[in-house]
Amino acid sequence: MSDPLLDAILQQGAVPAHVAVIMDGNGRWAQARGLPRPAGHQAGMQAVREAVEGARNSGVKVLTLFAFSQENWQRPPEEIDALMALLEEYIAREREELIAKGVAVQFLGDLDRLVASARAAVDETVRATAGGTELALNICISYGSRAEITRAARMIAEDVAAGRLVPAEVDEAAVARRLYTAPWPDPDLLIRTSGEQRLSNFLLWQLAYAELFVSSVLWPDFTRHDFYEAIVEFQRRDRRFGRVPI
Ligand code: IPE
Ligand code: IPE
Ligand code: MG
């Protein structure tokens with residue numbers, strides 16, 4: 001726990017309530033070691049634990065992790081199988097630890113595409129961790145932001161067609177209420193590892209005013225210290241939300 005950066009964060013006080021992370025660079029991490037890509041995904045599991053600890057220690061209330069995108073279904077079947085097996089393993093193996101730490105887990109995305117055993121593990125973890133009050137952990141699987149927004153638009157259309165909603169009532173809140181992220185405030189900070197400077201179809205609506213932090217660290221090498229670095233940088237930023245500084 002004793003990390004000078006963490007002390008600095010807690011002293012400064014203004015901690016982002018919600019941090020989103022694009023966990024990228026597993027493949028390159030493996031490649032650099034002459035290992036198959038799934039070895040990078042395996043190594044990345046430890047970094048997930050580090051991010052959860054970093055968030056808990058610094059007082060972040062919501063942590064949203066991008067684990068598998070809708071577009072990732074286009075990867076080779078061997079890699080998809082390995083990733084799904086690892087996710088299922090992580091979800092089942094960490095369950096007790098997450099309960100003990102007060103972490104409430106949710107999974108965001110098109111979960112109908114998961115194989116039955118992975119879906120069962122997901123549902124069980126959501127159920128078992130529901131009472132957690134320390135940290136809300138959202139794991140995005142089979143997630144695409146455009147699909148999420150399109151789904152919200154379809155739900156609104158259905159509500160209008162059924163007479164439950166009139167078009168004049170369709171405002172930003174009406175859209176936000178129909179996104180997977182409805183229960184939480186928008187992310188204040190987005191971290192992307194591996195140096196890539198793009199959103200890759202992640203939380204396009206919700207990140208409208210997030211501060212962006214790109215780390216050159218490959219995801220399997222990411223530690224809580226790297227998480228603290230992002231928070232310290234966030235605390236130096238001047239968020240204006242389109243207004244002029246006072
Ligand atoms: C992130 O690592 C994990 C997923 C996208 C599932 P990558 O697998 O994208 O690793 P790189 O970007 O190829 O190094
Ligand atoms: C984004 O990473 C998805 C996840 C981290 C789960 P990708 O590696 O799939 O993104 P691109 O292809 O580099 O944009
Ligand atoms: Mg990648």
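One-based numbering, in listed order, for ligands and for the atoms of each.
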Residue pair L6, S58: steps toward the side-chain contact (heavy atoms from CB on, under 4.5 Å) verdict: CA-CA 7 Å; L6 179 58; S58 49; 4.0 Å; yes
Contact check, S194 vs ligand 1, heavy-atom distance below 4.0 Å: no
Spatial distance of atom CZ (F202) from atom CD (E71) [nearest 0.5 Å]: 12.5 Å
Atom 2 (O) of ligand 1 [closest protein heavy-atom partner, distance rounded to 0.1 Å]: N26 N, 3.2 Å
A67 contact mode with ligand 1 (heavy-atom cut-off under 4.0 Å): backbone
Main-chain N/O of A20 paired with T64 side-chain donor or acceptor, under 3.5 Å: no
Side chain D188, main chain H18, donor-acceptor under 3.5 Å: yes
Nearest non-hydrogen protein atom, atom 14 (O) of ligand 2: S200 OG, 2.6 Å
Contact check: N72 vs ligand 2, nitrogen or oxygen atoms, below 3.5 angstrom: yes
Rounded distance [0.5 Å steps], CZ in F222 versus CD in E229: 9.0 Å
contact_flag Q31 ligand 1 heavy-atom lt 4.0 Å: no
Within 45° cone of W73 ring axis and under 6.0 Å: R75 NZ or CZ: no
C140 side, atom SG; Q70 side, atom CD - distance, nearest 0.5 Å: 12.0 Å
Min heavy-atom dist R37 to ligand 1 below 4.0 Å: yes
Any donor-acceptor N/O pair, R37 side chain to E79 backbone, under 3.5 Å: no
Atom 12 (O) of ligand 2 protein-contacted, heavy-atom criterion under 4.0 angstrom: no
Over all atoms of both residues, closest heavy-atom pair of L189 and A210: N-CB, 4.3 Å
Residue part near ligand 2, for F68, under 4.0 Å between non-hydrogen atoms: backbone
Protein contact of atom 1 (C) of ligand 1 - nearest heavy atom, named by residue and atom, plus distance: M23 O, 3.0 Å
N, O or S of D24 under 2.8 Å from the Mg ion (ligand 3): yes
Interfacing atoms of ligand 1 (cut-off 4.0 Å, heavy-atom, R28): 11 (P), 12 (O), 14 (O)
Contact check: D24 vs ligand 1, nitrogen or oxygen atoms, below 3.5 angstrom: yes
Residue H41 vicinity, atoms of ligand 1 by number, heavy atom under 4.0 Å: 3 (C), 8 (O)
Sub-4.0 Å atoms of ligand 1 with respect to non-hydrogen atoms of L83: 6 (C)
Test of ring centre spacing under 6.0 Å for F68 and Y143: no
Nearest option to atom 10 (O) of ligand 2, as decided by whichever heavy atom of R75, E196, R198, R192 sits closest: R192
